[in-house]
Amino acid sequence: MRFATWNVNSIKARLPRLLEWLDATKPDVLCLQETKVAADAFPSAEVGELGYATAEYGQGRWNGVALLSRIGLDDVRRGFAGEPGYPDPEARAISALSGGIRFMSVYVPNGRTPDDPHYTYKLSWLAALRTALATDVAAGPLVVAGDFNVAPTDDDVWDPRVFAGATHVTPPEREALAGIRAVGLRDVVGRPLKGDHPFTYWDYRAGMFHQNKGMRIDLVYASPDVAGRVTDAVVDREARKGKGPSDHAPIVVDIDG
DNA sequence: ATGCCCTTGTAACAAGGA
């Protein structure tokens, strides 16, 4: 089985790239983030032609997550128990059962700056996610994948000095990630196809991708049974190249069975 | 080479992204 996660930064703008990538990569399950469309505008018919069922959770202009699967989607859940809002709940998490595994696609709040109310929201959102995942991980095989908007270590940013005092690298954010792992989830790190760091995001500006000045903020957290079945994991930086890419690259994971 | 912000909503910019 092959699954993947990808922050597409608008599924409408990315649709040609997404369809091309699906046809070439053929994941069984794909976790999508930042779809930026209302549910009724999701291109379900287009991905359906490639054999994918869709479960989407959208709110329009901002956020939006979805799951695609060509092996079935059951027991779809939008959001999670105790999820905070800003001030209202946003479309940032969706999960479903597929191939005997519960997949959750997450788009963690950005946080903006450490002194911004959005940063407090981010930390409370991650704390509530931890609580919800403690229940989910006890229920069976689990994969939580998406844009966590946190670089787990200083090795996960291209220059830690540049990020001093900024969001995405603060100790409370990293502790929140550690808390999520502590419920019984393992960090499945993709191989970088170039360079030493498995970055998944490169800013559009100033040729950052071409200088490999990136960040590892997209993560795959898997329960031990799933993590133990991993045969390969890759950051598909090819998808960051060319005309009209997302600023994030997908992570593609292969598992036995 | 991979190549030097992008997307959406709304109407020339505003806001968010990380």
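Naming convention: chains lettered A, B, ... in sequence-line order (proteins, then strands); numbering from 1 in each chain.
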Any side-chain N or O of A:H248 below 4.0 angstrom from OP1/OP2 of B:dA18? yes

For B:dT10 and B:dG16, measure between their P atoms and round to the nearest Å.
15 Å

Rounded to whole Å, the OH-C1' distance (A:Y121 to B:dA18) equals 16 Å

Pull out every protein N or O sitting under 3.5 Å from an N or O of nucleotides 3-11 of chain B, one pair per line with the distance.
residue	atom	partner	partner atom	Å
B:dG3	OP1	A:G242	N	3.3
B:dG3	OP1	A:G242	O	3.1
B:dG3	O4'	A:H210	ND1	3.3
B:dG3	O4'	A:H210	NE2	2.8
B:dC4	O3'	A:A206	N	3.1
B:dC5	OP2	A:A206	N	2.5
B:dT7	OP1	A:R14	NH1	3.3
B:dT7	OP1	A:R14	NH2	3.4
B:dT7	O3'	A:S10	OG	3.3
B:dT8	OP1	A:S10	OG	2.5
B:dT8	O2	A:R61	NE	3.2
B:dT8	O2	A:R61	NH2	2.7

Spacing of the C1' atoms in B:dC4 and B:dT8 (rounded, Å): 23 Å

Answer with base, sugar-phosphate or nothing: what part of the nucleic acid does A:Y201 contact at a heavy-atom distance below 4.0 Å?
sugar-phosphate

Rounded to whole Å, the CD-P distance (A:E34 to B:dA15) equals 18 Å

Atom CG of A:D116 and atom P of B:dG16 are separated, to the nearest Å, by 9 Å

A:Q33 CD to B:dG17 P, in whole Å, measures 15 Å

Please give the distance between the C1' atoms of B:dA18 and B:dT7 as a whole number of Å. 15 Å

A:F148 atom CZ is separated from B:dG17 atom P, nearest whole Å, by 17 Å

Applied to residues 82-101 of chain A, the salt bridge (Lys or Arg N to Asp or Glu O under 4.0 Å) test, sequence neighbours excluded, yields A:E90-A:R92

Atom NZ of A:K122 and atom C1' of B:dG16 are separated, to the nearest Å, by 14 Å

Q) Under a 4.5 Å cut-off applied to non-hydrogen side-chain atoms, are A:V143 and A:V220 in contact? A) yes

Whichever of A:E238 and A:D247 has the more 5' nearest nucleotide on DNA chain B, that residue is A:E238

What is the nucleic acid contact for A:R112, judged by heavy atoms within less than 4.0 Å: base, sugar-phosphate only, or nothing? sugar-phosphate

If you count every heavy atom of other residues, nucleotides or ligands that lies below 6.0 Å from A:D196 atom CG, does the total exceed 12? no

Given the options A:V29, A:V253, A:T231, A:M1 meets side-chain contact (heavy atoms from CB on, under 4.5 Å) only with A:V29

> What nucleic acid atoms does A:N149 come within less than 4.0 Å of, heavy atoms only: base, sugar-phosphate, or nothing?
Replying inline: sugar-phosphate

In whole angstroms, the gap separating C1' of B:dA18 from CZ of A:F199 amounts to 14 Å

Requested in this report: Respond yes when some side-chain nitrogen or oxygen of A:Y107 is under 4.0 Å from OP1 or OP2 of B:dA18, and no when none is.
Outcome: yes

Are A:H197 and A:D156 close enough, and set up right, to give a side-chain hydrogen bond (donor to acceptor under 3.5 Å, both in side chains), and what steps lead you there?
-> CA-CA 7 Å; A:H197 300 272; A:D156 296 314; 5.9 Å; no

* 4.5 Å side-chain heavy-atom contact, A:N7 and A:I217 -> no

task: Could you check whether A:D147 gets within reach of a base, just the sugar-phosphate, or nothing at all, counting any heavy atom under 4.0 Å?
output: sugar-phosphate

Here the gap from A:E173 atom CD to A:T167 atom OG1, rounded to the nearest 0.5 Å, amounts to 3.5 Å

With side-chain hydrogen bond (donor to acceptor under 3.5 Å, both in side chains) as the criterion, how do A:R102 and A:S95 come out once you've worked through the C-alpha distance, each side chain's angles and the decisive distance to 0.1 Å?
CA-CA 7 Å; A:R102 175 161 293 277; A:S95 78; 2.7 Å; yes

A:R240 atom CZ is separated from B:dA1 atom P, nearest whole Å, by 18 Å

